[in-house]
Q: 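Handing you this structure, nothing more for now.
Remember, it's 1-based here, ligands and their atoms both numbered in the order they're listed. Since this is a predicted model, take the numbers as computed values, not measurements. All values below come from the heavy atoms of this structure, side chains included, with hydrogens, waters and symmetry mates left out.
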Amino acid sequence: MTDPQDALAQLMSGALAAAFGPDYADADPLIRPSQFADYQSNVALSLAKRLNRPPRDVATELASHLGDSDVAATAEVSGPGFINLTLSDAWIAGQATGQLADAQLDVPGASPVERVVVDYSAPNVAKEMHVGHLRTTVVGDSIVRVLEYLGHHVIRANHIGDWGTQFGMLLEHLLDVGEEAAYQQLAAGEINAFYQAAKAKFDTDPASAERSRRRVVALQAGDPETMRLWQMLVNDTKQYYNAIYAKLGVTLTDADLDPESFYNPVLGSVCDELQANGVAVISDGALCAFPPGFTGRDGSPLPLILRKSDGGYGYATTDMAAIRYRIRDLHVNRIVYVVGSEQAQHFAMVLAVARQAGWLTDEVRAEHAAIGMVTGTDRKRFRTRSGGSVKLTDLIDEAVDRAEEVIKDRYDDPELRTQIAEAVGIGALKYADLSVDRESSYMLDFDRMLALTGNTGPYLQYATARIRSIFRRAQIDPASATGPIWLTGDAERQLALRLLGFGTAVHQVAEAAEPHKLASFLFETASAFTTFYEQCPVLQAPDESVRDSRLALSALTLRVLLAGLDLLGIPVPERM
Ligand code: ARG
């Protein structure tokens, strides 16, 4: 066990049992980082009542049992009964050396291993992916990477919107422009133009509107020619998403598609089941569920509409079918919906109804990992200057172009420069997204995300490049730096202590589906490395054993940063 906090918790549990008997071994040791030592335990204050003794007494007795371990060098009582814990240098150094030797960086695997659906990205066919989709894509992909790293069985679900009445007008428009021309336009990402032209005709020309309505009927009836055209439209847009996924280094493939249309055949049965078990009722001709606790502005119960009065199904019906399928057929233990926070009520209602139906039980954890808004520097929803939604490809290209601007003077070789600019630009864009608490809105600001200092992608990439350059200069492969690590001063101690927290950070991300926790960890690690690098000469170390130790500490930092950046999906150039 590497994590200092865990090691201290275990130590404290032993002391609790020794001092007060085995019943106390499980008491939460309440260990927190401290300003006065490495950590502090507040357990004495919480147990004083139960033991009917003054907290300071309890603390003193506990401290007397902590003295002679290898983990803690000192345990001192302070204030009303805090126990200040300082780890021993030898323990930290030994753990760091062990972490470096371990292929898994001492990160324990998940236990139990779960089957998890991560529902993310989910753009809509023939509609531009907007920056909101960029965010769910990038955050979802990191959650997936982390869960898989810990050994969970992950099912990626790209629940694309490929069905609905808008396809009537889209298909008619496809016929009007011609299949080949439509393909060219969609694959090039001129999706908004395509959609808007279709809509303009539908809105202004009654004959087109009538054709569109007939086309919807044909689509719902499964008319073969209509299905062929629809499939073409889906495929054409897919090309465009896939190109974006590839540029971004997102792990989604066509095998992960979980389109809305997949559920069409079971929507009737979902409605029937919900009606039969009394969860859904007919209200004004529509089939609705009214999960308890959801009311409108006027206090009346809020419906989740399952079948409209005209017999049509909607977004909610599909999500009910999807949750039933995932639990019943895929046998998942957990479902993470990485979707915009504006859909919070939708998901709260879907989960409530699934619980009422008995599909969602306490054995399955279903959560909406809500994603906040991306804003422009004016703090309003991110838009183009003319108010349209921004094409994602343009956004990515702009990040890369600006990155090239930042680094251009450093590289003469144009190929190398392009490669590095791509990694830096895309890394900056993704990291800006991942480093913010996913529920908060954040401001998309190219200058800030591309800065080489501060909590940015380029800063972290640069830290890895700097470590690699140390090894290049020494003509040593980082893999052959094995230590042992030992600590000669505070900067080394702080860095080593940080590195030991890697596993905990990764587990926290998996638990809360919050990649920004890993980003913060990596930033703190890189900052600790910067201080170490400034204060502790590596290649000019006073003697060979210090040099070997510092090389090993640098190699461990490199491995942790690379592993962490990979879990965030941030590309890392070899040089910068
Ligand atoms: N396609 C939807 C949108 O663009 C997101 C779908 C999210 N997933 C889900 N199971 N509803 O808003």
Side-chain angles (χ1 to χ4, degrees), residues 116-141 143-144 154-167 170 191-192 195 230 233-234 237-238 240-242 244-245 250 252 256-264 266-267 270 289 291 304-306 313-330 332 334-355 357 359-360 364-374 381-382 389-392 438-439 441 513:
V116 190
V117 164
V118 183
D119 183 321
Y120 71 110
S121 191
N124 301 308
V125 166
K127 267 200 197 159
E128 177 62 57
M129 269 174 106
H130 51 71
V131 264
H133 288 119
L134 171 71
R135 209 171 173 198
T136 75
T137 303
V138 166
V139 172
D141 208 53
I143 293 171
V144 161
V154 177
I155 301 161
R156 293 166 175 75
N158 191 0
H159 192 72
I160 59 168
D162 68 340
W163 201 255
T165 48
Q166 73 276 22
F167 281 90
L170 290 167
I191 293 183
N192 277 339
Y195 191 92
W230 167 77
L233 198 59
V234 174
T237 349
K238 240 168 35 189
Y240 176 62
Y241 311 149
N242 284 341
I244 289 182
Y245 295 153
V250 163
L252 285 167
D256 306 312
L257 288 170
D258 175 49
E260 290 184 15
S261 63
F262 172 74
Y263 297 98
N264 286 346
V266 298
L267 298 178
V270 163
L304 186 75
I305 300 172
L306 298 165
Y313 302 111
Y315 186 57
T317 329
T318 309
D319 263 322
M320 290 313 302
I323 196 168
R324 186 179 77 168
Y325 173 74
R326 290 166 184 177
I327 296 174
R328 240 185 229 176
D329 300 283
L330 299 180
V332 300
R334 183 176 180 192
I335 306 172
V336 186
Y337 294 95
V338 188
V339 186
S341 52
E342 66 282 354
Q343 295 191 36
Q345 173 161 290
H346 165 76
F347 285 108
M349 291 179 82
V350 164
L351 299 187
V353 174
R355 207 162 272 127
W359 303 340
L360 182 57
V364 182
R365 177 153 51 125
E367 67 216 282
H368 176 201
I371 301 292
M373 191 170 60
V374 182
R381 190 176 282 280
F382 192 82
S389 69
V390 179
K391 278 173 63 183
L392 278 197
R438 63 169 159 69
E439 281 205 63
S441 65

Q: Using a 4.0 Å heavy-atom cut-off, which part of Ile160 comes near ligand 1: side chain, backbone, both, or neither?
A: neither

Q: Over 60° means perpendicular and under 30° means parallel, so classify the ring planes of Trp163 and Trp230, tilted if in between.
A: perpendicular

Q: Return the closest protein heavy atom for atom 12 (O) of ligand 1 as residue, atom name and distance.
A: Gln343 NE2, 2.9 Å

Q: Looking only at protein heavy atoms, which one is nearest to atom 8 (N) of ligand 1, and how far off is it?
A: Asp119 OD1, 3.1 Å

Q: Is the contact between Tyr120 and ligand 1 made by the side chain, the backbone, both, or neither, using heavy atoms and a 4.0 Å cut-off?
A: neither

Q: Take the angle between the ring planes of Tyr325 and Phe262 and call it parallel below 30°, perpendicular above 60°, tilted in between.
A: perpendicular

Q: For Pro259, which of Thr318, Val234, Asn264, Ile160 qualifies under side chain to side chain contact (heavy atoms under 4.5 Å, CB included)?
A: Ile160

Q: Please confirm whether Asp319 comes within less than 3.5 Å of ligand 1 when only nitrogen or oxygen atoms on both sides are compared.
A: yes

Q: Would you call His133 a ligand 1 contact, heavy-atom distance under 4.0 Å?
A: yes

Q: Between Asn124 and ligand 1, find which residue part has any heavy-atom pair under 4.0 Å and reply side chain, backbone, both or neither.
A: side chain

Q: Would you call Arg324-Asp319 a salt bridge at under 4.0 Å N-O?
A: no

Q: My understanding is that only one of Leu351, Val353, Val270 makes a side chain to side chain contact (heavy atoms under 4.5 Å, CB included) with Trp359; could you say which?
A: Val270

Q: Does Tyr315 have a heavy atom less than 4.0 Å from any atom of ligand 1?
A: yes

Q: What I want to know is whether Arg326 and ligand 1 share at least one N or O pair that is separated by under 3.5 angstrom.
A: no

Q: Hey, which of Val144, Asp256, Asp119, Val332 is the one that makes side chain to side chain contact (heavy atoms under 4.5 Å, CB included) with Ile155?
A: Val332

Q: With ring centroids as reference points, do Tyr315 and His346 lie under 6.0 angstrom apart?
A: yes

